[in-house]
Amino acid sequence: MTDVTDTLQLTVQHPRPGLAIATVAGELDMHTEDTLRRDASMIIEQGCPHLVLDLSQVGFCDSAGLSALIGLWHAAQAAGGALGLANVPGRLMRMLTLTGVDTILPVHATTAEALATMTDSPPTFDNASANLS
């Protein structure tokens with residue numbers, strides 16, 4: 001039997017005002033989707049309506065996780081921003097493709113590529129990073 005974990009961490013960078021990158025680490029499932037919704041919604045509500053989720057450290061995602069991603073896309077749009085996904089692992093990419101979610105949620109190979117679609121100039125990273133858990 002595998003261990004079930006309810007730990008999900010977001011590490012946030014703010015390359016410029018109104019734009020954030022959140023690196024998601026852990027499993028995105030029914031045990032952790034509330035954490036993702038709460039923490040990412042807080043980022044959007046605190047003035048970063050343009051949000052890139054770096055999913056390179058997500059080992060698993062179920063339908064609850066997928067629902068959370070769609071909900072965050074709606075939240076970003078409602079705030080006048082956009083949500084982009086970057087570094088999506090193969091399994092999750094297959095789920096996005098099979099469900100058609102990849103047609104509404106922008107998926108990018110890299111974080112830099114995702115940032116380029118949200119801004120006209122390259123980002124400059126400052127030391128303003130935070131861990132949310």
Side-chain angles (χ1 to χ4, degrees):
M1 180 175 270
T2 27
D3 292 332
V4 176
T5 178
D6 60 355
T7 302
L8 187 77
Q9 282 194 313
L10 272 68
T11 303
V12 183
Q13 297 176 318
H14 299 277
R16 70 173 37 88
L19 176 63
I21 304 163
T23 302
V24 183
E27 294 186 356
L28 187 47
D29 57 23
M30 65 182 206
H31 302 287
T32 61
E33 59 94 13
D34 283 341
T35 301
L36 178 65
R37 284 182 196 264
R38 180 192 67 235
D39 290 354
S41 292
M42 188 182 334
I43 294 165
I44 293 168
E45 292 166 8
Q46 291 177 343
C48 290
H50 298 283
L51 177 61
V52 174
L53 294 179
D54 179 338
L55 302 176
S56 60
Q57 297 178 40
V58 173
F60 175 79
C61 181
D62 68 7
S63 60
L66 186 61
S67 177
L69 293 174
I70 294 168
L72 291 171
W73 175 72
H74 284 290
Q77 286 195 321
L83 176 72
L85 306 180
N87 302 312
V88 179
R91 267 190 180 167
L92 178 50
M93 190 64 222
R94 282 190 293 283
M95 178 189 283
L96 295 172
T97 302
L98 287 172
T99 58
V101 173
D102 66 326
T103 63
I104 60 163
L105 268 173
V107 179
H108 305 279
T110 66
T111 302
E113 184 182 297
L115 290 172
T117 66
M118 292 188 183
T119 182
D120 295 330
S121 59
T124 57
F125 290 93
D126 60 25
N127 292 331
S129 294
N131 282 320
L132 300 176
S133 35

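In what follows, every heavy atom counts, from backbone to side chain, and hydrogens, waters and symmetry copies are set aside.
Among residues two or more places apart in sequence or in another chain, the side chain to side chain contact (heavy atoms under 4.5 Å, CB included) test is passed with Glu113 by His108, Ala109, Thr110.
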Side-chain donor-acceptor pairs under 3.5 Å in residues 60-67, sequence neighbours left out?
| from | atom 1 | to | atom 2 | distance (Å) |
| --- | --- | --- | --- | --- |
| Asp62 | OD1 | Ala64 | N | 3.0 |
| Asp62 | OD1 | Gly65 | N | 3.1 |
| Asp62 | OD2 | Met30 | N | 3.4 |
| Ser67 | OG | Arg37 | NH2 | 2.9 |

Ignoring hydrogens and angles, write down the donor-acceptor pairs under 3.5 Å from the side chains of residues 74-93, residues two or more places apart or on other chains.
| from | atom 1 | to | atom 2 | distance (Å) |
| --- | --- | --- | --- | --- |
| Asn87 | ND2 | Asp54 | OD1 | 3.3 |
| Asn87 | ND2 | Asp54 | OD2 | 3.2 |
| Asn87 | ND2 | Thr111 | OG1 | 3.1 |

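The shortest distance between side-chain heavy atoms of Leu72 and Leu51 does not fall below 4.5 Å. By the 4.5 Å heavy-atom criterion applied to side chains, Leu36 and Glu33 are not counted as neighbours.
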Check: Where do Leu69 and Leu53 land on the side-chain contact (heavy atoms from CB on, under 4.5 Å) test, with the steps shown first?
Finding: CA-CA 9 Å; Leu69 293 174; Leu53 294 179; 3.6 Å; yes
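Among pairs with a residue in residues 94-104, none fulfils side-chain hydrogen bond (donor to acceptor under 3.5 Å, both in side chains), at least two apart in sequence or across chains.
Atom NE2 of His50 is separated from atom CZ of Arg16 by 10.5 Å, given to the nearest 0.5 angstrom. Distance CD/Gln57 to CG/Leu28: 13.5 Å, rounded to 0.5 Å.
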